[in-house]
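The first residue of the sequence shown is numbered 1, and numbering continues consecutively from there. This structure is a prediction, so every number in the text was calculated from the model and none was measured.
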Amino acid sequence: MNFKKQNWKKSCMALSAAAAFGLFATACSDDSSSNNVDTIDPPSSAIPADSSNATPGDPTVNPDDPTVPAPGDSSVTETPDTPTEVVPGTIEDFAPKGILIDDFEDGNGETAQGNGWFTYDDQTNGGASVIETAVGEEGYPVAVPGGYNSKYAFQVNYTLDKGEYAYDPYVALGVAITAEDFSKIGGIHYCYIGGKHTVRVETSDVTDYDVHGAQMPASTSAWKCVDVKFRDLSQEGWGTAVPFDKENINQISFHIKGGSKVTTGSLMIDNIAFLDEDALPADVADLTKNEPSIPEVTIGDITISNPLQEKAMKYLNKGVNFTNWLENADGKFKKFEFGEDDIKLLAGYGFKSLRLPIDLDLYVTNKKDFLAGKADKLEFDDDTLFLVLDSFDKWTKENGMSFDIDYHEYDNSYNKESADDTTYIKMMAGVWQHVAEHFATSEREDIFFELLNEPDMSAGKVTAAQWTVAAQAMIDAIREVNKKHSILFGDAQWYSMSLLAKRTPFTDDNIIYVIHTYEPFVFTHQGGSWTDYAAVKNIPFPYSVEKWSEYSADFGVSAANKSKVLGAIKQYYKTGSKEAILQSVLKAKEWAVTNNVPVIINEFGALRDKSDAESVLNYYKAMAEICDTLQIPWTHWGYTGGFSVVDSEGKLYDGLAEAMKLND
């Protein structure tokens with residue numbers, strides 16, 4: 001992390017906190033970030049003469065996986081104009097009912113409390129992001145002319161560039177807050193124009209840098225003033241949960257995060273204050289307590305005579321994933337984070353199948369040379385690769401669990417560009433041939449080869465036609481050396497049910513087809529920091545009038561996510577039921593029946609942090625009943641993490657065995 005011209009005399013404490021935070025702020029994207037913002041649009045007189053800004057878009061990530069950063073290419077986007085000089089509107093005094101932090105009218109870089117503003121970026125972590133401000137004679141950041149109905153505001157210009165950084169690039173500006181009597185305050189007010197960002201109110205009792213914040217949308221053509229209530233600030237979810245305590249406030253920061261593409265933009269802020277509770281806007285009723293709308297579902301003949309159906313039900317039902325380990329972008333095996341004891345534990349609880357997500361091409365030692373045409377043959381780190389696979393082969397066999405080897409990558413190296421690269425496809429096929437040949441002499445019939453999890457999982461732009469070409473190449477490579485073991489195939493766009501329903505099955509008669517489902521998404525992914533539902537909380541399952549609210553704020557909806565999320569919440573009375581899920585899954589089963597091939601679900605689950613325990617159990621009971629009804633084997637995502645089946649002590653959550661029918 002690089003700090004830019006910090007006023008060391010005034011803000012050493014803030015610098016120390018921000019330095020540590022920058023090292024960790026984007027290193028994880030596990031579970032949740034929640035906010036609620038009431039917005040006030042300023043009058044047209046406040047619109048600057050020339051202002052536009054690139055919005056660093058959050059890359060689209062796999063909606064099922066809780067720890068997926070979004071790597072990809074680093075092509076430079078068009079650089080927009082940024083609000084470097086603003087024509088102010090009518091000058092107005094800013095006199096908040098609360099505690100003024102900074103209205104910038106003194107034109108310097110210090111707050112009303114006398115603390116100096118600072119900036120930082122991701123360069124120390126390997127990133128190439130840059131943040132710049134105007135500086136005064138002493139070289140410290142200062143305010144610039146123009147603001148929201150004022151003479152001055154604070155402005156940063158930035159370039160977000162992940163460089164060699166493994167996660168999302170970032171820059172930030174911040175300032176220390178001197179302790180005062182915070183007993184009456186209930187939120188933070190400020191005005192801004194420019195890019196999407198997160199306002200963070202940091203406290204001294206958060207020691208792992210998973211600080212409380214609220215995401216703000218871009219406002220590129222007009223100033224926007226927001227009031228963020230403390231009650232609706234939330235941690236991102238990858239650290240230790242700490243209740244927000246306003247008495248421990250020690251810093252405010254504005255964090256700007258990008259994605260895989262290099263993005264240039266600007267952000268101006270003005271009129272920052274902590275507001276008293278009675279000065280904050282009241283919540284407005286914007287939801288209706290509808291009676292639940294339960295679809296009528298008609299199930300016809302679900303008989304599948306293909307012997308693979310019986311095999312799938314025998315070996316691939318009641319399974320679990322080992323997540324957030326060998327599939328990570330830096331997930332090449334170093335040690336057994338999960339091992340024999342975990343297998344024994346899961347088998348003891350009644351789980352029958354293990355899906356092992358592992359990025360198999362991380363074990364190709366000459367991958368770059370092969371893809372560049374400098375090597376004719378793939379070379380492998382067999383000692384490491386087969387230490388892992390053979391160990392899980394042994395442990396699952398000894399404990400009566402089947403073993404699904406799931407080629408699962410978070411680095412998104414198979415994408416819309418590499419999908420058309422015949423050399424890349426040859427590499428993938430060669431990887432599978434190497435693994436399949438290793439297991440060709442195995443007498444086990446319950447080892448499965450899953451071709452590639454959710455092709456192009458970070459963006460979903462690989463087409464079904466492109467994926468078919470790659471999949472066929474892998475199937476052919478496997479069958480050259482191993483005709484015994486069954487192959488698992490899921491379609492593009494996150495193992496889409498709708499794409500599968502349009503597909504003609506492969507001619508290979510030893511393939512089992514796979515779908516993933518996380519419906520209703522607004523329930524299963526509430527609090528998911530990598531989704532549009534990061535701020536959502538308290539959605540019950542199933543929907544019920546008694547547990548519903550007329551205030552979307554009670555479900556974590558804010559101006560930052562209203563346009564994307566509020567619609568899903570308003571429709572939840574239609575989607576939040578077992579029958580609605582059954583209706584969607586039935587389409588895949590009907591396709592399977594028509595084509596006489598088996599279909600399984602090997603990813604589903606619900607995040608726990610923002611859901612109540614009863615709703616989570618209701619969801620799992622519904623999924624188990626759906627799968628029993630349709631004779632579809634299931635595997636849960638995952639073992640630990642946000643979608644865990646066990647608590648921090650390794651104990652199965654109360655009621656889960658009964659809900660999932662693990663011992664039936």
Side-chain angles (χ1 to χ4, degrees), residues 1 14 16-37 58 61 65-69 120 122 167-168 170 172 174 177 182 185-188 196-216 226 228-257 274 324 524-539 553-561 565 606-613 616 640-644 647-648:
M1 172 192 318
S16 175
F21 175 69
L23 290 172
F24 299 94
T26 56
C28 301
S29 53
D30 191 30
D31 282 345
S32 66
S33 174
S34 175
N35 64 76
N36 181 343
V37 184
D58 283 346
V61 215
D65 277 333
T67 55
V68 191
Y120 57 93
D122 56 21
Y167 304 103
D168 294 332
Y170 64 88
I177 300 299
F182 294 150
I185 63 172
I188 183 173
K196 179 167 60 175
H197 60 280
T198 299
V199 55
R200 291 170 166 169
V201 184
E202 306 182 29
T203 56
S204 58
D205 53 347
V206 175
T207 58
D208 58 6
Y209 317 110
D210 186 8
V211 299
H212 295 83
Q215 297 177 2
M216 295 294 117
V226 296
V228 185
K229 298 177 182 180
F230 288 157
R231 69 171 197 198
D232 298 312
L233 294 171
S234 181
Q235 297 168 272
E236 291 191 41
W238 47 264
T240 301
V242 177
F244 181 79
D245 186 347
K246 62 186 177 183
E247 297 301 329
N248 294 326
I249 295 173
N250 64 358
Q251 185 165 294
I252 295 171
S253 61
F254 299 84
H255 198 267
I256 306 164
K257 186 171 70 172
F274 291 141
N324 311 332
T524 64
H525 278 65
Q526 58 186 310
S529 60
W530 65 100
T531 73
D532 292 332
Y533 300 87
V536 177
K537 58 186 177 182
N538 302 327
I539 302 290
D554 289 338
F555 299 121
V557 178
S558 72
N561 59 20
V565 175
L607 286 169
R608 291 184 170 273
D609 284 355
K610 303 300 179 182
S611 304
D612 66 271
V616 173
T640 58
F643 296 82
S644 62
D647 62 21
S648 59

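Inter-residue side-chain proximity for Ile249 and Phe244 is flagged as met; some heavy-atom pair is nearer than 4.5 Å. With contacts defined as side-chain heavy-atom distances shorter than 4.5 Å, the pair Asp205/Thr203 qualifies. At a threshold of 4.5 Å between non-hydrogen side-chain atoms, the residues Val201 and Lys246 do not count as touching. Counting heavy atoms from C-beta outward, Ile177 and Phe274 have side chains that approach closer than 4.5 Å. A heavy-atom distance below 4.5 Å is not found between the side chains of Ser234 and Lys537. Annotation: side chain of Phe230 is in contact with side chain of Ile185 (closest heavy-atom distance under 4.5 Å). Counting only heavy atoms from C-beta outward, the side chains of Leu607 and Phe643 approach each other to under 4.5 Å.
In this structure, Gln235 contributes its side chain and Asp210 its backbone to a donor-acceptor pair below 3.5 Å. Under the 3.5 Å distance criterion, the side-chain polar atoms of Ser253 are left unmatched by any main-chain donor or acceptor of His255. Checked by atom type and distance alone, the side chain of His212 pairs as donor or acceptor with a backbone atom of Val242 at under 3.5 Å.
Of all non-hydrogen atoms in Ala214 and Val228, the two that sit nearest each other are CB-CG1, 3.8 Å. The two residues Val616 and Ser611 make their nearest non-hydrogen contact at CG2-CB, 3.7 Å. Here the closest non-hydrogen pair linking His197 and Ile256 is CB-CG1, 3.9 Å.
In this structure, the side-chain contact (heavy atoms from CB on, under 4.5 Å) partners of Ser644, at least two apart in sequence or on a different chain, are Arg608, Tyr653. Scored by the side-chain hydrogen bond (donor to acceptor under 3.5 Å, both in side chains) test, Thr524 finds no partners at all (sequence neighbours excluded).
Expressed to the nearest 0.5 Å, how far CZ of Arg200 lies from CG of Leu233 amounts to 11.5 Å.
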Exercise for review: Could you check Asp554 against Asn538 for side-chain contact (heavy atoms from CB on, under 4.5 Å), going step by step and ending with a plain yes or no?
Suggested key: CA-CA 7 Å; Asp554 289 338; Asn538 302 327; 5.5 Å; no
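A salt bridge does not link Asp122 with Lys257: every distance from a Lys NZ or Arg NE/NH1/NH2 to an Asp or Glu carboxylate oxygen is 4.0 Å or more.
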